[in-house]
Amino acid sequence: MTSRKGLQLAGVLKQEGITNEAVMATIASVPREIFLPAALAHKAYENIALPIGQGQTISQPYIVAKMTELLLSGIGPAAKVLEVGTGSGYQTSILAKIFAQVCSVERIKALQFQAKRRLNQLDLHNVKLKHGDGWQGWASKSPFDGIIVTAAAANIPEQLINQLADGGRLIIPVGGKQQQLLCIDKQNGNLSNTVIEVVNFVPLVAGDII
Ligand code: SAH
């Protein structure tokens with residue numbers, strides 16, 4: 001249900017350079033407050049990242065919109081998409097409203113559990129969630145037309161390249177404290193790499209899931 005505050009946020013994103021109308025309409029229609037701790041709900045429609053507990057953050061709406069429009073322009077809405085880093089489930093909900101099928105992997109069980117409840121609350125049933133290590137992707141559901149990584153990787157995870165369909169697109173922040181957002185296209189087995197902009201994500205953690 002689109003709200004006045006949602007429309008205002010979409011307007012801010014347009015000023016920031018987002019151009020895809022479907023993406024802006026989707027951002028306007030998702031109640032971001034349900035993805036936040038109650039004490040931060042009053043900040044839900046500000047264009048900022050916010051803490052969601054466990055040392056993690058819900059992404060800034062601008063970056064959610066930017067990554068989603070990059071994916072959509074590359075692969076279209078009929079696509080099957082993998083998200084790495086479910087977190088609050090906010091980006092997942094935007095993807096679920098735009099793409100045919102969404103799979104999302106999260107390493108922190110407590111976050112995955114909350115995200116699942118929120119996605120059900122929004123009646124988004126084209127999403128499959130997994131508690132696992134995103135460095136490994138989700139092999140049994142691959143190949144994916146699109147992959148979006150919402151945490152910063154030290155390097156490009158090999159499994160994600162393997163699980164990307166031919167003609168597919170991977171959007172991933174790569175680097176240390178500050179990262180470059182990369183858009184990687186696979187065409188006839190070849191990869192082409194475009195740098196989009198400098199971004200600030202929490203790290204894509206390697207090792208045990210919790
Ligand atoms: N898309 C989320 C962003 C959450 S922040 C949102 O809109 O809220 C990034 C998330 O990536 C965190 O929840 C973190 O726990 C998760 N993450 C970090 N390393 C991971 C890994 N190796 N595998 C899966 N998830 C990981």
Side-chain angles (χ1 to χ4, degrees), residues 9 13 23 26-27 29-37 40-41 43-71 81-99 102-119 121-122 124 127-139 141-142 144 146-161 163 170-177 179 181 199-210:
L9 174 59
L13 301 186
V23 171
T26 305
I27 294 260
S29 76
V30 171
R32 191 168 179 250
E33 63 274 16
I34 73 165
F35 296 92
L36 285 166
L40 292 175
K43 295 193 173 187
Y45 294 89
E46 293 180 26
N47 186 23
I48 50 176
L50 289 163
I52 54 169
Q54 314 274 343
Q56 306 304 320
T57 53
I58 183 172
S59 302
Q60 182 194 15
Y62 166 78
I63 205 73
V64 170
K66 184 75 193 174
M67 292 171 86
T68 307
E69 94 176 350
L70 280 166
L71 213 50
V81 171
L82 172 69
E83 176 191 30
V84 173
T86 314
S88 68
Y90 176 62
Q91 169 85 70
T92 324
S93 74
I94 304 286
L95 294 172
K97 283 177 167 251
I98 290 184
F99 295 100
V102 178
C103 298
S104 183
V105 183
E106 168 59 53
R107 71 179 284 275
I108 302 178
K109 183 75 190 168
L111 292 179
Q112 189 222 346
F113 183 77
Q114 283 182 324
K116 187 175 209 121
R117 192 175 43 74
R118 292 161 176 156
L119 294 165
Q121 189 182 337
L122 294 180
L124 296 171
V127 181
K128 292 199 165 56
L129 300 182
K130 176 180 157 108
H131 179 221
D133 174 15
W135 283 93
Q136 307 308 320
W138 193 340
K141 301 276 184 221
S142 70
F144 299 99
I147 302 180
I148 183 169
V149 181
T150 67
N155 50 57
I156 300 168
E158 200 184 326
Q159 288 306 323
L160 299 187
I161 296 290
Q163 292 171 27
L170 164 65
I171 313 284
I172 180 168
V174 177
K177 195 164 161 38
Q179 311 101 36
L181 186 63
V199 287
N200 265 297
F201 279 88
V202 294
L204 185 69
V205 177
D208 290 344
I209 59 176
I210 56 175

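In each ligand, atom 1 is the first atom listed, and ligand 1 is the first ligand listed.
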Where ligand 1 meets [X] - atom numbers and elements under 4.0 angstrom, heavy-atom basis:
| X | answer |
| --- | --- |
| Trp135 | 22 (N) |
| Ile108 | 15 (O) |
| Thr57 | 3 (C), 4 (C), 5 (S), 8 (O) |
| Asp133 | 21 (C), 22 (N), 23 (N) |
| Gly132 | 23 (N), 24 (C) |
| Gly134 | 21 (C), 22 (N), 23 (N), 24 (C) |

For Pro203, is the nearest heavy atom under 4.0 Å from an atom of ligand 1?
yes

Would Ile209 count as a contact of ligand 1 if the rule is a heavy atom under 4.0 Å away?
no

Is ligand 1 under 4.0 Å from a heavy atom in the side chain of [X], in the backbone, in both, or in neither?
| X | result |
| --- | --- |
| Thr150 | both |
| Arg107 | both |
| Ala206 | neither |
| Val202 | side chain |
| Glu83 | side chain |
| Leu111 | side chain |

Any side-chain to backbone donor/acceptor pair from [X] onto [Y]? Under 3.5 Å, distance only.
| X | Y | value |
| --- | --- | --- |
| Arg118 | Ser88 | yes |
| Gln56 | Pro51 | no |
| Gln121 | Leu119 | no |
| Thr150 | Gly85 | yes |
| Glu33 | Ala44 | no |
| Trp135 | Gly207 | no |
| Gln179 | Lys177 | yes |
| Arg107 | Gly134 | no |
| His131 | Phe113 | no |

With respect to [atom], which of [options] exhibits the smallest heavy-atom separation?
| atom | options | result |
| --- | --- | --- |
| atom 8 (O) of ligand 1 | Gly55, Ser88, Gly87 | Ser88 |
| atom 7 (O) of ligand 1 | Gln112, Gln56, Gln91, Met67 | Gln91 |
| atom 22 (N) of ligand 1 | Asp208, Val105, Val205 | Val205 |

Under a 3.5 Å cutoff, is there a donor and acceptor pairing between the side chains of Glu83 and Thr92?
yes

Could you tell me whether [X] and ligand 1 have an N or O pair separated by under 3.5 Å?
| X | answer |
| --- | --- |
| Gly85 | yes |
| Ile58 | no |
| Ala151 | no |

Pair Leu111, Glu106 - check side chain to side chain contact (heavy atoms under 4.5 Å, CB included), show working.
CA-CA 8 Å; Leu111 292 179; Glu106 168 59 53; 4.1 Å; yes

Just to confirm my output: which protein heavy-atom neighbour is closest to atom 15 (O) of ligand 1, and how far is it?
Glu106 OE2, 2.6 Å

Could you go through Ile108 and Ile209, starting from their C-alpha distance and side-chain angles, then the distance that decides it, and tell me whether this counts as side chain to side chain contact (heavy atoms under 4.5 Å, CB included)?
CA-CA 6 Å; Ile108 302 178; Ile209 59 176; over 6 Å; no

Could you check whether Arg32 makes a cation-pi contact with Tyr90, meaning its NZ or CZ is under 6.0 Å from the centre of the six-membered ring and within 45° of the ring axis?
yes

